[in-house]
Amino acid sequence: MLMKYPTEKQKIGKLGEDIATRFLVKRGFNVIERNYLKRTGEIDIICQKDNKLYFIEVKSVSRENITTDSYRPEDNIHEAKILRLSRTIDIYLSERGIDLDWKITVVTVIIDSHSKTAKVKLLQDFAW
C-alpha cells in the first residue's frame with residue numbers, strides 16, 4: 001500500500017485552519033464542524049454566533065512563501081471557488097434542514113514558522 005504524505009502546502013493549510021479555529025472560538029464563535037467535504041467542494045469551518053451561521057473560508061500562507069509585502073492571502077479566492085463554496089453550502093443547509101441566517105466570510109492566516117507566530121484576520125465584510 002502506497003502511503004501519501006501531506007505536502008508542505010497541505011501542512012500549512014491544516015495549521016492555518018487550526019489557528020483560525022482557535023481565533024474564532026476566542027471571539028465567541030461556536031465551531032460546529034470542520035472540513036465539510038462534498039463532491040461540489042469543501043467548507044473549511046462552519047460555526048455559529050448570535051443565531052447566525054458562518055461558513056468560513058480559511059486562506060493560509062507561510063511568510064517564507066511570500067514574495068512581496070503587498071501579498072494578501074484572500075487574493076487567492078476566485079470566482080470558481082466561490083461557486084463551489086455556494087453549492088456546498090446549499091447541500092449542507094439542505095441535508096440538515098437548517099433555516100438560519102448565514103454568511104460566508106474569510107479568515108486569513110500568515111504563518112511565520114521561524115518566530116512561530118501567526119497574523120490572523122477575520123474579514124467580515126469581504127467583497128466577493
Side-chain angles (χ1 to χ4, degrees):
M1 184 163 138
L2 183 64
M3 295 291 291
K4 184 178 178 189
Y5 296 99
T7 65
E8 193 59 31
K9 183 177 178 181
Q10 289 169 326
K11 289 178 188 175
I12 293 294
K14 167 82 169 77
L15 178 59
E17 288 178 12
D18 292 345
I19 291 168
T21 298
R22 288 193 302 270
F23 176 87
L24 291 165
V25 168
K26 284 181 180 177
R27 280 149 186 82
F29 289 84
N30 176 35
V31 175
I32 297 167
E33 193 164 343
R34 286 183 54 180
N35 304 113
Y36 175 80
L37 183 62
K38 289 295 178 185
R39 181 180 48 83
T40 53
E42 180 181 23
I43 303 169
D44 295 329
I45 303 171
I46 303 167
C47 52
Q48 188 172 353
K49 183 176 181 181
D50 301 329
N51 212 27
K52 184 182 251 186
L53 212 51
Y54 290 84
F55 297 97
I56 310 291
E57 176 65 18
V58 179
K59 286 298 178 188
S60 307
V61 67
S62 169
R63 167 104 22 231
E64 293 76 16
N65 295 334
I66 298 175
T67 57
T68 175
D69 287 338
S70 64
Y71 177 80
R72 300 174 341 137
E74 61 269 28
D75 291 339
N76 286 328
I77 299 175
H78 45 80
E79 200 170 320
K81 173 66 178 175
I82 296 163
L83 183 59
R84 285 194 308 272
L85 186 57
S86 297
R87 288 178 180 156
T88 307
I89 290 169
D90 287 343
I91 292 169
Y92 178 85
L93 294 170
S94 176
E95 277 182 353
R96 286 161 172 75
I98 294 173
D99 186 26
L100 283 175
D101 286 339
W102 59 272
K103 182 177 184 174
I104 302 172
T105 194
V106 176
V107 172
T108 63
V109 182
I110 299 176
I111 299 165
D112 186 332
S113 56
H114 294 304
S115 66
K116 301 207 182 299
T117 59
K119 183 177 180 184
V120 184
K121 281 198 283 185
L122 175 63
L123 306 177
Q124 289 268 14
D125 298 316
F126 184 74
W128 302 97

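Being a predicted model, the structure only gives us computed values, none of them experimental.
- Formation of a donor-acceptor pair under 3.5 Å by the Lys49 side chain with backbone atoms of Tyr54 is not found in this model.
- Side-chain atoms of Thr88 come within 3.5 Å of backbone atoms of Arg84 as a donor-acceptor pair (strictly under, hydrogens ignored).
- Residues Val61 and Ile12 fail the side-chain proximity criterion, which asks for heavy atoms closer than 4.5 Å.
- Taking hydrophobic clusters as Ile, Leu, Val, Met, Phe, Trp and Tyr residues chained together by side-chain heavy-atom distances below 4.5 Å, Ile89 shares a cluster with Ile98.
- Gly13 approaches Ser60 most closely through the heavy-atom pair O-OG, 4.2 Å.
- Interatomic distance, CG of Asp101 versus CG of Leu53, reported as 9.5 Å (0.5 Å rounding).
- In summary, Lys14 and Asp18 engage in a salt bridge, as defined by a charged side-chain N under 4.0 Å from a carboxylate O.
- One finds the CZ atom of Arg34 at 14.0 Å from the CD1 atom of Ile43 (value rounded to the nearest 0.5 Å).
- Heavy-atom contacts from other residues, nucleotides or ligands closer than 6.0 Å to CD of Glu79 number 12 or fewer.
- If you take NZ on Lys119 and CG on Asp112, they are separated by 11.5 Å, rounding to the nearest 0.5 Å.
- Going from atom NZ of Lys81 over to atom NZ of Lys59 covers 5.5 Å, rounded to the nearest 0.5 Å.
- Here the closest non-hydrogen pair linking Gly16 and Ile111 is N-CD1, 4.0 Å.
- Using a 4.5 Å heavy-atom cutoff, the side chains of Ile45 and Val107 are not in contact.
- Trp102 has its side chain out of reach of Ile46: every pair of non-hydrogen atoms, C-beta onward, lies at least 4.5 Å apart.
- Put simply, CD on Glu17 and CD on Glu57 are 8.5 Å apart, with the number rounded to the nearest 0.5 Å.
- Side-chain contact check for Asn51 versus Leu100: some heavy-atom pair is nearer than 4.5 Å.
- A side-chain contact (heavy atoms from CB on, under 4.5 Å) with Leu24 is found for one member of Thr105, Val120, Val58, Ile56 and no other, namely Ile56.
- Within 6.0 Å of NZ on Lys52 lie more than 12 heavy atoms contributed by other residues, nucleotides or ligands.
- Taking SG of Cys47 as the reference point, atom CG of Asn30 lies at 8.0 Å (rounded to 0.5 Å).
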Requested in this report: Please test Thr40 against Asp90 for side chain to side chain contact (heavy atoms under 4.5 Å, CB included), starting from the C-alpha separation and ending with a verdict.
Outcome: CA-CA 10 Å; Thr40 53; Asp90 287 343; over 6 Å; no
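- In the hydrophobic clustering of ILVMFWY residues, with side-chain heavy atoms under 4.5 Å counting as a link, Val25 and Phe29 come out together.
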